[in-house]
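Note: hydrogens, waters and symmetry copies are ignored here, and every other heavy atom, side chains too, is used. We name chains A, B, ... by the order of the sequence lines, and we start the count at 1 in each one.
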Number of protein chains: 2
Amino acid sequence: MTKEDARDCCDMRGMLGFLILFLLSKKPMHGQELAGEIANRKGEKKPSPGTIYPALKSLRESGFIVEERDGKTIVYSLTERGENALKLAKRKFVKTFFGVFQD
Amino acid sequence: MTKEDARDCCDMRGMLGFLILFLLSKKPMHGQELAGEIANRKGEKKPSPGTIYPALKSLRESGFIVEERDGKTIVYSLTERGENALKLAKRKFVKTFFGVFQD
DNA sequence: TTATATATATCGCATATCCAATATTATTAT
DNA sequence: ATAATAATATTGGATATGCGATATATATAA
């Protein structure tokens with residue numbers, strides 16, 4: 001059983017927006033901090049700039065997050081609209097994957 | 001806040017293989033039964049045949065599931081290899097989404 | 001000011017994902 | 001045997017996803 005086997009059925013493609021929204025709801029962060037947190041959780045290398053910034057841009061364009069420059073970095077945090085979207089998405093997520101966290 | 005907002009950040013694209021593997025680990029099922037279970041959990045209509053059967057085929061080709069004809073239907077269940085892959089995938093999933101199930 | 005380092009942004013692309021439509025197979029009813 | 005029903009299988013294609021490469025911006029150091 002190789003590491004690849006796990007990825008084959010769970011690469012989590014498509015969950016990036018949700019994961020970002022969730023992480024930012026716990027703590028506003030700048031892009032690289034966020035990328036590091038994602039890398040930690042997934043046990044992979046940091047998602048590339050071409051992954052993280054377009055994802056953030058998309059969330060901003062949906063009105064889910066706002067950006068605030070803080071020195072060299074930009075801190076991203078949820079809007080109220082983002083909080084609501086996350087709440088709905090979490091509900092669906094929990095319902096869909098109910099039981100996975102057991103055992 | 002519309003229903004679309006939730007999908008925008010959590011359509012779970014890419015998690016189908018994982019979800020199928022998880023569901024079959026709880027109970028061997030045939031394709032349509034599986035599709036129904038997925039529909040229930042996601043609160044959507046049943047994934048189309050063009051979604052579910054290629055996904056099952058892929059899992060079979062990876063050696064994660066086996067098929068056994070039972071009258072009109074085919075019952076899918078996990079192989080040992082599938083069990084192991086699921087265990088690894090669950091570990092990663094839990095680590096990645098730790099905290100989402102809280103509150 | 002200039003150079004360096006780091007964060008952010010964008011673009012093009014390979015690939016994955018899922019769906020609609022259609023075809024096939026197997027079972028059951030007539 | 002034939003028709004009707006339901007499950008399974010396949011194919012083509014539209015779209016989404018995330019990466020690598022590259023460019024830009026900002027701050028700090030020299």
Side-chain angles (χ1 to χ4, degrees), chain A residues 4 6-21 23-24 28-39 41-62 64-77 89 92 96, chain B residues 4-21 24 28-39 41-62 64-77 89 92 96:
Chain A
E4 277 64 30
R7 194 161 50 239
D8 281 349
C9 70
C10 186
D11 67 357
M12 298 179 203
R13 195 184 176 85
M15 302 297 290
L16 184 60
F18 175 69
L19 185 55
I20 289 177
L21 217 51
L23 292 174
L24 291 182
M29 279 180 274
H30 64 268
Q32 288 308 305
E33 192 180 0
L34 188 58
E37 177 69 20
I38 291 170
R41 286 181 170 249
K42 299 183 77 169
E44 298 173 358
K45 68 183 198 307
K46 281 164 72 166
S48 95
T51 297
I52 203 76
Y53 293 108
L56 286 166
K57 183 183 184 185
S58 167
L59 290 171
R60 174 168 47 74
E61 285 171 350
S62 296
F64 293 158
I65 63 175
V66 286
E67 315 181 342
E68 187 190 5
R69 187 162 271 285
D70 172 35
K72 188 187 295 190
T73 68
I74 295 178
V75 175
Y76 304 87
S77 56
K92 179 176 177 182
T96 299
Chain B
E4 277 65 30
D5 293 330
R7 193 161 52 239
D8 281 349
C9 69
C10 187
D11 67 357
M12 298 177 205
R13 195 182 177 86
M15 302 295 292
L16 184 61
F18 174 70
L19 185 55
I20 289 176
L21 217 51
L24 291 182
M29 278 180 273
H30 63 269
Q32 287 309 305
E33 192 180 0
L34 188 58
E37 177 69 20
I38 291 170
R41 286 181 170 249
K42 299 183 74 169
E44 297 172 357
K45 67 184 196 308
K46 281 164 72 167
S48 97
T51 296
I52 202 77
Y53 294 108
L56 286 167
K57 184 184 183 185
S58 167
L59 290 171
R60 173 168 48 74
E61 285 171 349
S62 295
F64 294 159
I65 63 174
V66 286
E67 317 181 339
E68 187 190 5
R69 187 162 271 286
D70 171 36
K72 189 187 295 191
T73 68
I74 294 177
V75 175
Y76 305 87
S77 57
K92 178 176 176 182
T96 299

If I take atom [atom1] in residue [X] and atom [atom2] in nucleotide [N], what distance separates them, rounded to the nearest angstrom?
X	N	atom1	atom2	value
A/E44	D/dT17	CD	C1'	14 Å
B/M29	D/dT8	CE	P	12 Å
B/M15	C/dC18	CE	C1'	15 Å
A/L16	C/dT17	CG	P	15 Å
A/I52	C/dA9	CD1	P	11 Å
B/K57	C/dC18	NZ	P	16 Å
A/M12	C/dT15	CE	C1'	19 Å
A/Y53	C/dA7	OH	P	7 Å

From D/dA9, C/dA9, C/dA7, nucleotide with atom closest to A/H30 side chain: C/dA7
How does protein contact run along nucleotides 20-30 of chain C, one letter per nucleotide 5' to 3', with B for base contact, S for sugar-phosphate only, - for none, heavy atoms under 4.0 Å? BB----SS---
Between NE2 of A/H30 and CD of A/E68, what distance do you get to the nearest 0.5 Å? 14.0 Å
Working to the nearest 0.5 angstrom, can you tell me the gap between A/E67 CD and A/L56 CG? 7.0 Å
In plain terms, say whether A/K92 and B/E44 are close enough for a salt bridge, that is, a side-chain N and a carboxylate O under 4.0 Å apart. yes
Counting N and O atoms only, with roles assigned by atom type, does the side chain of A/S48 sit under 3.5 Å from a partner on the main chain of A/G50, one being a donor and the other an acceptor? yes
Under 3.5 Å, is there a donor-acceptor pair between the side chain of B/R69 and the main chain of B/G71? yes
Could you walk me through whether B/S77 and B/V66 pass the side chain to side chain contact (heavy atoms under 4.5 Å, CB included) check? CA-CA 6 Å; B/S77 57; B/V66 286; 3.6 Å; yes
